[in-house]
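When a ligand or atom number is given, it counts from 1 through the structure's own listing order.
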Amino acid sequence: MALPGYAFFKGRIVPYSEARVGVLTHGLNYGTGVFSGIRGYWNPDEKELYVFRPEDHYRRFLESARMLGMELPWNARQLSGAAAELIRAEDHREDCYLRSLAFYGDETVGVRLHDLTPEVSIVAIPYGRYIEKEEGAHATISSWRRVDDNAIPARGKIVGAYVNSALAKSEAMRAGFDDAIVLTQGGHISEGSAANFMLVRDGVVITPPITDNILEGITRRTVMELLDKEMGVKVLERSIDRSEIYVADEAFFVGTGVQIVAITRVDHRPIGNGRIGPIGTALRDLYFRVVRGRHPAYQAWCSGVYGGAAAREKTAMRPAEPERTAAAR
Ligand SMILES: Cc1ncc(COP(=O)(O)O)c(C=O)c1O
């Protein structure tokens with residue numbers, strides 16, 4: 001992967017080579033950080049790069065930070081503005097991905113969440129598919145269980161918790177699958193390694209509730225709204241048994257990275273007829289029109305970087321930076 005040219009780091013945009021931390025950094029040693037992944041979609045007709053629901057992503061980022069007791073001095077709008085400015089600095093005119101991180105930056109030894117100072121970084125890189133076989137992925141039920149809310153809250157995007165995702169993903173890929181479906185300790189389906197899960201039975205979409213240790217996904221919320229309002233498909237949030245997958249008509253992973261992936265086989269069993277189904281096909285078509293800013297009803301979810309509102313929102317973060325950095329040191 002080519003490294004980015006710039007990073008938002010310590011409140012301003014700097015060359016990526018200057019965004020560095022020491023090996024004693026708390027977040028690196030203990031996983032005491034939170035992150036977010038946001039996609040930007042290039043619309044060649046409008047010559048505009050649309051960032052998808054940045055403020056919703058940054059609201060969850062701030063909520064995740066709060067779970068670790070972090071008080072960040074910026075709001076979702078300011079972070080979205082900084083992300084847009086970063087993309088303009090990189091001059092990305094292709095699909096890209098924003099990785100934002102808030103981590104305890106102190107170089108110190110001692111496991112805790114108090115008396116520490118958070119730092120924030122953002123980078124923007126060109127990005128394509130996360131799972132190659134978006135139209136027909138083969139998943140496996142992981143031998144790993146999803147972290148529980150009372151262990152590490154799954155509803156937050158907490159850095160340390162992603163060891164759980166990495167264990168599941170690598171186990172699946174090394175066994176020849178595209179991704180893993182991870183169960184709760186109680187044996188219900190929770191989600192994928194880095195995506196929410198949905199299945200279709202008799203025309204109804206069913207997805208695990210947020211109390212089954214899932215990340216509160218922005219794509220999940222987006223898809224639920226599109227299914228209901230645009231496709232007239234009923235969506236049920238309820239716990240799903242493992243064996244229900246084997247009798248499902250269709251199944252998907254949904255998430256910023258994976259986008260909408262049709263799961264067409266699970267542990268060598270075909271889902272439905274083993275090919276992407278009608279709801280999956282229509283949903284993918286609709287989703288990609290929406291995220292690329294081609295659906296007028298959902299334009300508000302798409303934040304234009306070059307000509308749209310975000311461009312006028314030159315980050316209001318720089319004035320705050322010296323004060324914050326001084327206090328932090
Ligand atoms: C564990 C996990 N679940 C679900 C998702 C989907 O969340 P979102 O749609 O907000 O990207 C992600 C991230 O992409 C994730 O890492």
Side-chain angles (χ1 to χ4, degrees), residues 31 33-41 51-65 67 76 79-80 83 95-101 125 127-131 134 137 139 142 144-149 151-172 178-184 188-199 205 207-227 235 237 240 251-261 263 283-284 287-288 290-291 298 301-302:
V34 301
F35 70 103
S36 99
I38 310 175
R39 274 190 186 262
Y41 290 90
V51 179
F52 191 61
R53 302 188 75 166
E55 289 195 26
D56 291 321
H57 276 279
Y58 281 121
R59 266 191 283 277
R60 185 183 64 199
F61 181 70
L62 293 168
E63 284 175 5
S64 298
M67 286 180 216
L79 290 166
S80 304
D95 292 355
C96 67
Y97 179 82
L98 286 158
R99 165 53 53 84
S100 310
L101 182 65
I125 53 170
Y127 210 58
R129 287 186 173 200
Y130 180 79
I131 289 182
E134 281 186 3
S142 183
W144 295 96
R145 293 291 175 269
R146 185 77 176 122
V147 283
D148 191 81
D149 189 54
I152 305 178
R155 71 163 38 73
K157 242 174 133 58
I158 295 173
V159 173
Y162 275 73
V163 170
N164 182 237
S165 293
L167 288 166
K169 178 77 177 184
S170 286
E171 178 189 64
D178 299 303
D179 212 322
I181 295 169
V182 187
L183 307 182
T184 62
H188 288 130
I189 291 167
S190 180
E191 56 182 341
S193 65
N196 292 119
F197 176 84
M198 297 183 172
L199 61 71
V205 169
T207 193
I210 53 174
T211 44
D212 275 349
N213 293 326
I214 67 168
L215 181 77
E216 296 182 356
I218 311 292
T219 316
R220 174 180 179 273
R221 221 192 301 160
T222 300
V223 162
M224 287 166 78
E225 189 166 336
L226 295 177
L227 285 165
V235 183
E237 279 180 277
I240 301 175
F252 330 114
F253 286 130
V254 304
T256 298
V258 303
Q259 307 181 104
I260 315 282
V261 164
I263 306 167
L283 182 62
R284 277 174 51 82
Y287 182 77
F288 287 116
V290 167
V291 295
Y298 297 95
W301 282 345
C302 304

Chemist: What verdict does the salt bridge (charged side-chain N to carboxylate O under 4.0 Å, His left out) test give for Glu216 and Arg60, after you've listed the backbone C-alpha separation in whole Å, the side-chain angles of each residue and the deciding distance to 0.1 Å?
Modeler: CA-CA 8 Å; Glu216 296 182 356; Arg60 185 183 64 199; over 6 Å; no
Chemist: Compute the minimum heavy-atom distance from Arg221 to ligand 1 and say whether it is under 4.0 Å.
Modeler: no
Chemist: Where is the tightest heavy-atom contact between Asp56 and Ile218, given as atom of each residue plus distance?
Modeler: O-CD1, 3.7 Å
Chemist: Between Ala194 and ligand 1, which part of the residue brings a heavy atom under 4.0 Å of the ligand: side chain, backbone, both or neither?
Modeler: both
Chemist: Is the shortest N/O to N/O distance between Thr219 and ligand 1 below 3.5 Å?
Modeler: yes
Chemist: Give the atom numbers and elements of ligand 1 that come within less than 4.0 Å of a heavy atom of His57.
Modeler: 10 (O)
Chemist: Heavy-atom distances under 4.0 Å decide this one: backbone, side chain, both or neither, for Ala154 against ligand 1?
Modeler: neither
Chemist: For ligand 1, which is the ligand I care about here, please tell me if Arg60 has any N or O atom under 3.5 Å from one of the ligand's N or O atoms.
Modeler: yes
Chemist: So is there a nitrogen or oxygen of Thr256 less than 3.5 Å from a nitrogen or oxygen in ligand 1?
Modeler: yes
Chemist: For ligand 1, which part of Lys157 has a heavy atom less than 4.0 Å away: the side chain, the backbone, both, or neither?
Modeler: side chain
Chemist: Quick one: does Arg39's side chain have a donor or acceptor within less than 3.5 Å of a partner on Gly257's backbone?
Modeler: yes
Chemist: Of the backbone atoms (N, CA, C, O) and the side-chain heavy atoms from C-beta on, which set of Arg146 has a member under 4.0 Å from an atom of ligand 1: side chain, backbone, both, or neither?
Modeler: side chain
Chemist: Below 3.5 Å, N or O to N or O, backbone or side chain included: is there any such pair between Ser165 and ligand 1?
Modeler: no
Chemist: Compute the ring centroids of Tyr97 and Tyr130, then answer whether they are less than 6.0 Å apart.
Modeler: no
Chemist: Which atoms of ligand 1 are found less than 4.0 Å from any heavy atom of Ser193?
Modeler: 1 (C)
Chemist: N/O to N/O below 3.5 Å, does that happen between Glu191 and ligand 1?
Modeler: yes
Chemist: For Ala195, is the nearest heavy atom under 4.0 Å from an atom of ligand 1?
Modeler: yes
Chemist: List every atom of ligand 1 that sits less than 4.0 Å from any heavy atom of Asn196, numbering the atoms from 1 in the order shown and giving each element.
Modeler: 4 (C), 6 (C)
Chemist: Does Trp144, at its CH2 atom, have more than 12 non-hydrogen atoms belonging to other residues, nucleotides or ligands within less than 6.0 Å?
Modeler: no
Chemist: Should Ile218 be counted as touching ligand 1, given the test is an N or O pair under 3.5 Å?
Modeler: yes
